[in-house]
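First comes the structure, then the notes that go with it.
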Amino acid sequence: MPGIDECLLDAMTVNGARGAAVIEWTSGLALGMVGETRHGDPEATAAETAELARMAAEQSAFAPLETHGASHGGGAGAGAGNEDGGAPGEAPVEDVIVTTRTCYHLLRFVDTAFDSGVFFYLWLDRREGNLALARMRLRDLSQRLAL
């Protein structure tokens with residue numbers, strides 16, 4: 001399983017990638033960062049993206065919908081609609097996408113065996129990047145990442 005540095009380098013191979021980071025969202029600490037950052041300040045970039053991730057993960061407005069079948073003897077099939085099995089401690093949000101006129105910003109939460117609060121951040125040039133492919137690549141990287 002690849003570590004943080006290898007996953008970040010792989011993320012930078014996405015067309016249009018300008019910068020990538022693995023960030024711990026409760027503290028805003030960047031565990032690793034490659035490429036460019038806005039205004040040349042990696043600490044500010046990590047803190048600002050962590051604030052967005054924290055807001056999305058903690059707000060009930062973004063929580064998954066309850067499964068209607070869960071109240072009818074749900075048992076083992078209650079979480080059938082959740083690909084990841086809905087383990088306790090998982091962030092309710094898979095990813096966050098922010099678009100501007102010139103860029104895409106993708107945040108992808110990483111599920112770990114412990115409650116880590118880690119996410120990938122990928123900054124793409126909108127003219128060169130493909131949002132759908134970048135999202136799929138981040139999903140794959142987040143599943144492979146060894147923390």
Side-chain angles (χ1 to χ4, degrees), residues 1-68 70 77-147:
M1 297 184 92
I4 292 172
D5 292 337
E6 186 178 336
C7 283
L8 288 173
L9 292 174
D10 197 10
M12 289 301 292
T13 64
V14 173
N15 286 342
R18 298 187 66 179
V22 174
I23 301 168
E24 202 278 325
W25 60 270
T26 55
S27 68
L29 176 68
L31 304 177
M33 191 173 278
V34 296
E36 302 175 47
T37 59
R38 292 295 301 235
H39 310 295
D41 189 352
E43 291 84 15
T45 298
E48 291 168 0
T49 55
E51 188 66 27
L52 178 61
R54 186 173 29 258
M55 188 226 29
E58 293 177 349
Q59 298 304 315
S60 61
F62 303 120
L65 294 174
E66 295 296 322
T67 306
H68 294 295
N82 187 341
E83 292 178 4
D84 295 329
E90 287 182 348
V93 177
E94 289 181 353
D95 50 26
V96 176
I97 301 169
V98 176
T99 61
T100 68
R101 286 185 208 99
T102 60
C103 301
Y104 295 125
H105 301 269
L106 285 79
L107 285 68
R108 176 70 187 201
F109 290 89
V110 177
D111 293 329
T112 60
F114 55 95
D115 188 18
S116 65
V118 173
F119 67 94
F120 266 104
Y121 167 63
L122 181 62
W123 175 25
L124 294 173
D125 183 305
R126 190 170 179 153
R127 291 168 295 167
E128 299 173 22
N130 181 316
L131 184 58
L133 291 177
R135 187 169 175 249
M136 288 188 301
R137 177 74 68 83
L138 276 187
R139 180 198 59 213
D140 295 343
L141 289 172
S142 72
Q143 292 171 348
R144 291 180 19 224
L145 178 64
L147 292 176

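Since we're looking at a predicted model, the values are computed, not measured. Computed from heavy atoms alone, side chains included, the values below leave out hydrogens, waters and symmetry copies.
- Between Thr37 and Trp123, the closest heavy-atom pair is C-CZ3, 3.8 Å.
- Heavy atoms only, all atoms of each residue included: Phe109 and Val93 are closest at CD1-O, 3.2 Å.
- Across all their heavy atoms, Val110 and Ser142 have their closest contact at CG1-O, 3.7 Å.
- Looking at every heavy atom in both residues, Ala17 comes nearest to Leu122 through CB-CD1, 4.0 Å.
- The shortest distance between side-chain heavy atoms of Trp25 and Thr49 does not fall below 4.5 Å.
- Once rounded to the nearest 0.5 Å, the distance linking CD1 of Ile97 with CG of Leu138 reads 9.5 Å.
- By the 4.5 Å heavy-atom criterion applied to side chains, Phe120 and Leu145 are counted as neighbours.
- Residues Ala20 and Leu8 share a closest heavy-atom pair of C-CD2, 3.7 Å.
- The side-chain heavy atoms of Glu128 and Arg18, taken from C-beta on, include no pair separated by under 4.5 Å.
- Checked by atom type and distance alone, the side chain of Arg126 pairs as donor or acceptor with a backbone atom of Thr100 at under 3.5 Å.
- For the pair His105/Leu52, no side-chain contact is recorded, criterion being any heavy-atom separation below 4.5 Å from C-beta on.
- Val96 places none of its side-chain heavy atoms less than 4.5 Å from the side chain of Phe119.
- Shown here for Ala50 and Gly28, the closest heavy-atom pair between the two residues is CB-CA, 3.5 Å.
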**Request:** Any chance you could lay out the side-chain contact (heavy atoms from CB on, under 4.5 Å) test for Arg135 and Glu94, step after step, and finish with the verdict?
**Result:** CA-CA 10 Å; Arg135 187 169 175 249; Glu94 289 181 353; 4.2 Å; yes

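- Side-chain contact between Asp95 and Leu106 is absent, with no heavy atoms from C-beta onward closer than 4.5 Å.
- Note that CG of Leu141 is 10.5 Å distant from CZ of Arg108, once rounded to the nearest 0.5 Å.
- Between the OG1 atom of Thr102 and the CZ atom of Arg127 there is a distance of 7.5 Å, given to the nearest 0.5 Å.
- Under the 4.5 Å side-chain criterion, counting only non-hydrogen atoms from C-beta, Asn15 is not in contact with Asn130.
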